[in-house]
2 protein chains.
Amino acid sequence: MTINQDTFTGEFSYTIDAKGRVNIPAKFRQSLAPENDQTFVITRGMDPCIWVYPLTAWQIIEDDLKDLSAISGINRSFIRNTVRYASTVSFDKQGRIMLSTNLLNYAKLKKDAFIIGMVNKIEIWNPSELAKVDKQNLEMNSSEYDALADRIIL
Amino acid sequence: MTINQDTFTGEFSYTIDAKGRVNIPAKFRQSLAPENDQTFVITRGMDPCIWVYPLTAWQIIEDDLKDLSAISGINRSFIRNTVRYASTVSFDKQGRIMLSTNLLNYAKLKKDAFIIGMVNKIEIWNPSELAKVDKQNLEMNSSEYDALADRIIL
DNA sequence: ATTGTTTACCCACAATTACCCACAATATAT
DNA sequence: ATATATTGTGGGTAATTGTGGGTAAACAAT
């Protein structure tokens with residue numbers, strides 16, 4: 001068995017440079033299947049962070065959106081909000097991608113970037129925001145968390 | 001009958017070298033099924049030790065995580081905390097794997113490593129931490145321990 | 001058109017990691 | 001018992017990785 005393609009795990013600390021570039025961890029670049037053509041799609045996460053999808057994974061989301069009826073107003077709003085912050089980025093010869101100021105602001109990113117593999121996607125966090133959000137989630141839903149752990153961890 | 005694949009038993013003492021490498025006991029390397037491609041996934045244990053999974057066993061966990069809906073914040077926190085400390089490592093021609101400083105610190109590992117087979121996974125301990133934790137568990141839960149022994153042993 | 005600004009594509013370099021080779025100690029085979 | 005292979009441990013070296021800039025093309029605004 002070979003290592004799963006388009007699967008990301010681990011945490012990494014990087015710095016965002018003056019031009020708004022961040023390194024994609026070498027391990028993640030190697031996990032990215034060749035069909036993605038060294039390309040990700042970045043967008044707003046549900047938490048205050050940036051979500052990074054392999055291109056092909058994002059295309060599946062787009063296909064699902066295409067199947068939504070445009071008759072319903074709520075459908076149209078959903079499509080708009082899903083797509084409007086998304087942009088396609090390829091990494092340069094040094095393995096970095098460019099982050100728009102829009103996304104940087106949304107995720108409150110300054111200089112330190114904390115990158116986490118989330119299995120099928122990647123998250124880019126301001127370290128202190130991450131600590132805050134995770135703490136809050138655990139405090140408010142610890143029993144659900146334990147139930148998940150019981151079900152999944154070997 | 002051949003020896004069970006991906007099943008680990010026994011205890012071994014090894015040294016962690018200056019580069020953070022530890023040997024995987026030869027017996028464990030031989031128990032590792034070929035599908036794993038000489039690869040483990042190492043992560044934080046629930047105790048202060050390092051957990052080492054055969055790659056294929058870990059991929060089952062990953063598949064379960066992929067099925068969790070990303071809409072729920074607690075789900076996202078759970079995924080994060082489950083995979084953020086995990087990394088894929090293959091052993092080199094001498095049979096060693098590299099441990100990140102992050103995991104070394106977590107398990108309070110310095111130079112001596114005590115490696116224990118835990119049936120479906122492997123644990124890497126600082127010997128003195130192991131003694132401490134086991135002693136504590138036995139003192140506080142001896143009746144439960146006896147109940148388990150009664151149910152499972154021989 | 002002439003600016004000024006942003007983006008794409010280079011090059012550089014220190015630090016880390018991957019990939020060798022060496023060797024003593026133990027185990028296995030003949 | 002002696003030879004041969006395997007195992008655990010230590011290093012050396014070359015390649016990779018993360019980070020900083022430089023420069024020229026592309027774009028926007030005046």
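Sequence lines set the chain letters: A, B, ... in the order given, protein chains first and strands last, and positions in each chain run from 1.
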>> Apply side-chain contact (heavy atoms from CB on, under 4.5 Å) to residues S87(A) and T43(A) and explain how you reach the verdict.
In response: CA-CA 7 Å; S87(A) 67; T43(A) 188; over 6 Å; no

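At least one test fails for R96(A) against the ring of F91(A): distance under 6.0 Å to the centre or angle within 45° of the axis.
Considering only side-chain N and O atoms, R96(B) lies nowhere under 4.0 angstrom from the phosphate OP1 or OP2 of dT17(C). For dG20(D), the OP1/OP2 oxygens have a side-chain nitrogen or oxygen of T15(A) closer than 4.0 Å. Using a 4.0 Å cut-off, no side-chain N or O of Q94(B) falls inside it from OP1 or OP2 of dA24(C).
Counted by atom type alone, S31(A) and T7(A) present zero donor-acceptor pairs between their side chains at under 3.5 Å.
The separation between D17(A) atom CG and dT6(C) atom C1' is 14 Å, rounded to whole Å. Put simply, OH on Y14(A) is 16 Å from C1' on dG20(D), counting in whole angstrom units. Rounded to a whole Å, the CD atom of Q38(A) is 14 Å from the C1' atom of dC9(C). To the nearest angstrom, P of dT9(D) lies 13 Å from CD1 of I97(B). The separation between D92(B) atom CG and dT9(D) atom P is 13 Å, rounded to whole Å. Atom-to-atom, CE of M98(B) to P of dA15(C) comes out at 17 Å; the value is rounded to the nearest Å. Spacing between atom CZ of F12(B) and atom C1' of dT9(D) amounts to 17 Å, rounded to whole angstrom units. Separating the CZ atom of F91(B) from the P atom of dG8(D) is a distance of 11 Å, rounded to the nearest angstrom.
Between the axis at the start and the axis at the end of the helix from dA1(C)-dT30(D) to dT30(C)-dA1(D) there is an angle of 40°, using five pairs per end and rounding to 10 degrees.
Among the protein residues, K111(A) comes within range of the sugar-phosphate backbone only, with heavy atoms under 4.0 Å from sugar or phosphate atoms but none that close to a base. Within the nucleic acid shown, N23(B) comes within 4.0 Å of at least one base atom, counting heavy atoms only.
When each of F28(B), W125(B), F114(B) is checked for a ring pair (Phe, Tyr, Trp, His ring centres under 6.0 Å) with F12(B), only F28(B) meets the rule. Under the side-chain contact (heavy atoms from CB on, under 4.5 Å) test applied with I122(B), the options W51(B), F40(B), Y53(B) reduce to a single match, F40(B).
Not a single donor-acceptor pair, N or O on each side, falls under 3.5 Å between the base of dG18(D) and the side chain of R21(A). Counting distance only, with no hydrogens placed and no angle test, the side-chain atoms of K19(A) and the base atoms of dG20(D) include no donor-acceptor pair under 3.5 Å.
At most 12 heavy atoms of other shown residues, nucleotides or ligands fall within 6.0 angstrom of atom NZ in K135(A). No more than 12 heavy atoms of other residues, nucleotides or ligands shown are found within 6.0 angstrom of CD on E11(B).
When each of K27(A) and K93(A) is assigned the nucleotide of DNA chain C with its nearest heavy atom, K93(A) is the one assigned upstream, toward the 5' end.
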